[in-house]
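These notes are about the structure you will find just below.
Just so you know, ligand 1 is whichever comes first in the structure, and atom 1 is the first atom listed for that ligand. Keep in mind it's a predicted model, so treat the numbers as computed, not measured.
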Amino acid sequence: MVLKVNDQGIIETGNWCSITPVRGVEKLAVGKTPEQVPKIASRVCGICPIAHNLAATEAMEASIKCEIPKDAKALRNILQLANRLHSIALHDILILPDLYIPGTETKINPFTAEEPVRTVAKRIQRLREIGQTIGQIAGGDCIHPRNTRIGGMYRNCSEQAKTKMYDLAKEGLVLAKAQMDFMIAVLRNYQARESVDVGGMKVPLPKTLGYHNQGYMATHAFYGSSSLDECPTWDINRFKEVRPWDWYMGEMEVSLEEPRYPVGGTTKIGTKVNPQMEACTGIPMYDGQPVEVGPRARLATYKNYDEKGTVGQNIAREMEYTDSLYEMIDQIDALDTCGKVVADFIPDGDGSLGWATNEAPRGCDAHIARVKDWKVQYFSMLVPTTWNFATCSAALTGAPWQLAEVIMRGYDPCVSCATH
Ligand code: NFU
């Protein structure tokens, strides 16, 4: 993160980019079979491998024009929502250290053995465990699911497994409601403060923390869309990408340093930085502009949610806790464990371009593929955090520099995903 700040310490330009080395997954995919690519794509990330696995599988299916049975869709939906559940819970751990126990000046250490935080931390871990266990049942594995395949799923669930998922989801719903209420109270308490402490510095908290004027992009409240849909909710023609050197600042020298900034101080004065050259991600745009993707984009698009700023974004994510569990329970109810889960006919592909989006925890994950004679000719991944980099940069403008990371954390960034 490279920030240009004015004499009052307010950010004028924020350049947030990924310097994680590119792994070349899109190139690696070329020449592989459509079965191999979703497995490779899921290795991009250990938090949201489900999103990449499903988006890649469905981009292949869109290219070869293969419709899957409804019970396979239900299993994929359950898997997707289970992944979202564990990811929201993980995010709570990551933002709690920015926040205060209401009515006190004590910042929250999620790892303390003391109450009231201990109970919250245990609840978070149980929610993650519930999400991962349901994901394992529906997807074969919760990290890199092996039950998904081109044309559907390898296996349906047994009746016992369905009951187990149902019981876990019902338990999760009670915990998620309590966790959502706790987090919203803590976030509202933060929002009401005049100032916050960062490394012993008292920093005024702007009411507009994290505001930006970019648009939102979401393709479904829960799942996603594809070029096979009757009414697709994403338009590949509205997407274009520019390179980092067309977007970020050029070479700069660090001229402001703060040793108190946690942990270990900011980058030393005199260090040369060059986001233009160092960034390892492109800048994807929709209608010529960076957009925000993720929980708030989904709630704004499908539920008229309109709270701006970092707190509004974090609250939107908390609201997805119970929403995803209600939807998961509906999907489990709808699952017929005797239904078939593999398409009768799986074409080899004629080289048509297909795309699929998956509403990953952090937002719209769009994969594009071209398959011919059961070989992948082209594969591209437009990942949530990649969409959000440039939007988050815009959201940094106007904030005290010490709070830049608080704004960035609102996006729940997955830099590993963004740079594939
Ligand atoms: Fe990932 Ni690690 C999420 N959520 C991101 N960004 C993937 O789609």
Side-chain angles (χ1 to χ4, degrees), residues 16-18 20 22-23 25-26 29 37-59 76 79-95 128 131-132 135 139 142-145 148 216-226 234 239 241 279-284 290-299 313-314 316-317 320-321 324 355-369 379-393 408-420:
W16 180 45
C17 55
S18 161
T20 296
V22 176
R23 283 159 286 171
V25 167
E26 289 156 333
V37 172
K39 291 180 171 44
I40 299 170
S42 93
R43 265 68 188 175
V44 163
C45 178
I47 301 173
C48 65
I50 310 298
H52 296 307
N53 184 273
L54 293 175
T57 304
E58 290 171 16
R76 287 185 186 179
L79 175 60
Q80 147 95 3
L81 293 159
N83 181 247
R84 190 180 290 181
L85 176 65
H86 108 88
S87 184
I88 303 172
L90 177 64
H91 178 77
D92 288 353
I93 298 266
L94 300 177
I95 61 164
R128 296 195 63 217
Q132 296 294 58
C142 56
I143 310 266
H144 299 298
T148 50
Y216 297 124
M217 187 183 84
T219 60
H220 195 273
F222 300 107
Y223 194 76
S225 179
S226 103
W234 192 69
F239 149 74
E241 195 170 35
C280 292
T281 45
I283 306 291
V291 285
E292 179 178 314
V293 298
R296 177 169 47 200
R298 289 189 280 260
L299 263 59
Q313 185 175 35
N314 278 313
R317 188 173 295 105
E320 287 203 324
Y321 256 133
S324 19
W355 60 259
T357 66
N358 186 278
E359 286 293 333
R362 287 155 193 80
C364 176
D365 186 22
H367 289 201
I368 308 167
F379 181 55
S380 175
M381 304 165 78
L382 307 168
V383 174
T385 300
T386 324
W387 291 103
N388 277 338
F389 270 124
T391 308
C392 175
S393 293
M408 176 270 277
R409 274 193 278 282
Y411 288 80
D412 194 13
C414 185
V415 178
S416 158
C417 257
T419 323
H420 39 273

Provide the number and element of each atom of ligand 1 under 4.0 Å from a heavy atom of Cys45. 2 (Ni)
Do the side chains of Asp365 and Thr357 get nearer than 4.5 Å, heavy atoms only? no
Is there a side-chain contact between Arg76 and Glu58, using heavy atoms and a 4.5 Å cut-off? yes
Validation row: Pro361, Ile88 side chains within 4.5 angstrom (heavy atoms): no
For ligand 1, the portion of Thr385 having any non-hydrogen atom under 4.0 Å away: both
Where does Pro361 meet ligand 1, judged by heavy-atom distances below 4.0 Å: at the side chain, the backbone, both, or neither? both
Has His52 got an N, O or S atom lying less than 2.8 Å from atom 1 (Fe) of ligand 1? no
May I ask you to decide if Lys39's main-chain N or O and Arg43's side chain share a donor-acceptor pair within less than 3.5 Å? yes
Can you tell if the side chain of Glu320 reaches within under 4.5 Å of the side chain of Leu299, non-hydrogen atoms only? yes
Describe, in one word, how the ring planes of His367 and His52 are oriented to each other, choosing from parallel (under 30°), tilted (30 to 60°) and perpendicular (over 60°). parallel
Show me which atoms of ligand 1 lie under 4.0 Å from any heavy atom of Ala51. 8 (O)
Val383 heavy atoms, cut-off 4.0 Å: which ligand 1 atoms fall inside? 5 (C), 6 (N)
Three-point angle Cys417:SG, atom 1 (Fe) of ligand 1, Cys48:SG, rounded to the nearest 10°: 80°
